[in-house]
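Scroll down for the structure; my scribbles are underneath it.
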2 protein chains.
Amino acid sequence: MTDLADLRLTPQRMAVLEVLRAAADHPTAAEVYERVRRSSPRIGSATVYRTLALLVSTGRALELNLGDGAAARYDANTCRHDHAVCDGCGRAVDIDHPVPDGMVAEIARRSGFAITGYDLQFRGMCPDCQASSSDPARAAGGTGPTVNTHAKGVLHAEA
Amino acid sequence: MTDLADLRLTPQRMAVLEVLRAAADHPTAAEVYERVRRSSPRIGSATVYRTLALLVSTGRALELNLGDGAAARYDANTCRHDHAVCDGCGRAVDIDHPVPDGMVAEIARRSGFAITGYDLQFRGMCPDCQASSSDPARAAGGTGPTVNTHAKGVLHAEA
DNA sequence: AGTGATACTGAGAGTCGTTCTCAACCAGTG
DNA sequence: CACTGGTTGAGAACGACTCTCAGTATCACT
């Protein structure tokens with residue numbers, strides 16, 4: 001793992017970090033690449049991928065696997081948080097509601113794992129998509145293309 | 001979504017389901033393909049992928065994204081459950097400890113999402129890898145190759 | 001300023017997991 | 001028996017990502 005001190009802040013890396021910081025959504029690497037090219041048209045995709053990996057490994061960004069196809073997503077919000085992904089528009093919103101420590105400890109005890117972290121993501125319909133699916137006029141809502149994330153685990157109660 | 005009644009149980013599909021049911025681990029599609037070929041050598045990879053997608057969409061299997069590279073994993077245990085993934089050997093074990101319903105309801109309320117399900121996965125070291133990493137003689141533990149899943153969110157307490 | 005060592009970059013090729021295409025096949029139905 | 005429509009297998013195609021490599025920038029010394 002590259003150490004923090006060892007990291008040169010080149011213009012390209014700055015540009016990638018800027019884009020990530022400015023992003024309100026959770027862009028894929030390809031989206032980051034596209035946005036960075038607006039300010040640094042000569043940057044290569046390999047540099048963007050390398051830089052994203054570097055930012056992740058030095059703790060300046062988070063990598064997310066939201067299960068929509070293959071593309072990893074990136075998040076400059078490095079505080080521990082989770083996500084809710086909309087089955088309609090594919091949008092992901094941040095959730096700041098940690099799993100109770102007691103539960104983690106209990107799972108560690110039962111499984112024997114030394115647990116260092118976890119990923120939690122919820123699936124469902126965002127408020128916009130709920131409104132437009134009950135609406136006969138299907139207002140597309142906006143952000144992304146429709147992603148067909150089939151529910152991978154079904155909730156066993158209320159919701 | 002293909003309906004259950006609509007599903008022909010061809011020999012190929014039976015073979016894939018058999019392999020999945022017999023698997024104690026969480027095989028990737030490529031692993032399923034390899035195992036199915038032992039009994040049905042003429043099967044094509046497209047058929048395996050198609051069948052896995054079919055099984056998932058009809059609720060006969062679960063698709064997992066354990067974040068180790070790109071490959072999706074499959075699980076014939078369709079009951080709601082979560083996973084703990086070992087950073088050492090890449091192995092995933094089942095965790096049967098649901099998130100409290102109250103927490104899900106609270107998140108639904110706060111985010112406005114109509115939550116239909118969730119995915120929770122823990123990361124850490126399995127008992128075997130803990131033993132072999134403290135051991136000077138690094139007993140490899142066994143199942144898989146070493147996967148370098150860099151921690152994507154760090155736990156904020158005890159563990 | 002000159003010199004070498006080292007890190008970084010961009011282009012393009014390569015890899016990997018997955019999906020698509022398409023002709024051939026098979027199982028029912030009329 | 002011919003028709004119809006779902007299913008199959010081979011291979012091409014695709015998207016996301018990584019690797020390779022020559023060229024460039026930056027640093028530490030002199």
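Keep in mind it's a predicted model, so treat the numbers as computed, not measured. We name chains A, B, ... by the order of the sequence lines, and we start the count at 1 in each one.
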Sugar-phosphate, base or nothing in reach of A46(A), heavy atoms under 4.0 Å: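 Touches a base.
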Starting at atom [atom1] of [X], determine the distance to atom [atom2] of [N], rounded to an integer number of angstrom.
X: L9(B); N: dA27(C); atom1: CG; atom2: P; value: 14 Å
X: M14(A); N: dT26(D); atom1: CE; atom2: C1'; value: 16 Å
X: R42(B); N: dA24(C); atom1: CZ; atom2: P; value: 15 Å
X: Y74(B); N: dG17(C); atom1: OH; atom2: P; value: 12 Å
X: L54(B); N: dG6(D); atom1: CG; atom2: P; value: 13 Å
X: L55(B); N: dT7(D); atom1: CG; atom2: P; value: 12 Å

4.5 Å side-chain heavy-atom contact, [X] and [Y]:
X: N65(B); Y: E63(B); result: yes
X: R37(A); Y: R42(A); result: no
X: S40(B); Y: P11(B); result: no

Polar side chain donor-acceptor pair, H83(B) to D94(B), under 3.5 angstrom: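 A pair is found: one side chain offers a donor N or O, the other an acceptor, under 3.5 Å apart.
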Residue-level proximity of residues 29-41 of chain B to DNA chain D when a heavy atom falls under 4.0 Å: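 None, since no heavy atom is under 4.0 Å.
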Helix axis bend for the helix from dA1(C)-dT30(D) to dG30(C)-dC1(D) - C1'-based end axes, five pairs, 10° rounding: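 The helix from dA1(C)-dT30(D) to dG30(C)-dC1(D) shows an end-to-end axis angle of 10°.
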Compare side-chain N and O positions of [X] against OP1 and OP2 of [N] and report whether any pair is under 4.0 Å apart.
X: R13(A); N: dT9(C); value: yes
X: Q12(A); N: dG10(C); value: yes
X: Y49(A); N: dC17(D); value: yes
X: T10(A); N: dT9(C); value: yes
X: T47(A); N: dT9(C); value: no

Candidates dG5(D), dA7(C), dA11(C) - which lies nearest the side chain of R8(A):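 From the listed options, dA7(C) comes nearest.
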Using residues 48-55 of chain A as the side-chain source, report each donor-acceptor pair under 3.5 Å to any protein atom, sequence neighbours left out, with the distance given to one decimal.
residue, atom, partner, partner atom, Å
R50(A), NH2, T47(A), OG1, 3.3
T51(A), OG1, T47(A), O, 2.7

T116(B)/D87(A) under side chain to side chain contact (heavy atoms under 4.5 Å, CB included): CA gap, chis, key distance, verdict: CA-CA 9 Å; T116(B) 55; D87(A) 285 340; 3.9 Å; yes
Comparing S45(B) and P11(B) on DNA chain D - which has the more 5′ nearest nucleotide: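 Between the two, 5'-proximity favours P11(B).
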Check: R50(B) side chain, dG6(D) base, donor-acceptor under 3.5 Å: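 No.
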CA sep, side-chain torsions, deciding dist, call: Y118(A), L120(B), side chain to side chain contact (heavy atoms under 4.5 Å, CB included): CA-CA 7 Å; Y118(A) 61 86; L120(B) 172 58; 4.0 Å; yes
Interatomic distance, T78(B) atom OG1 to H81(B) atom NE2 [nearest 0.5 angstrom]: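 Here the interatomic distance stands at 9.0 Å.
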Donor-acceptor contact below 3.5 Å, side chain T10(B) vs main chain R13(B):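 Present.
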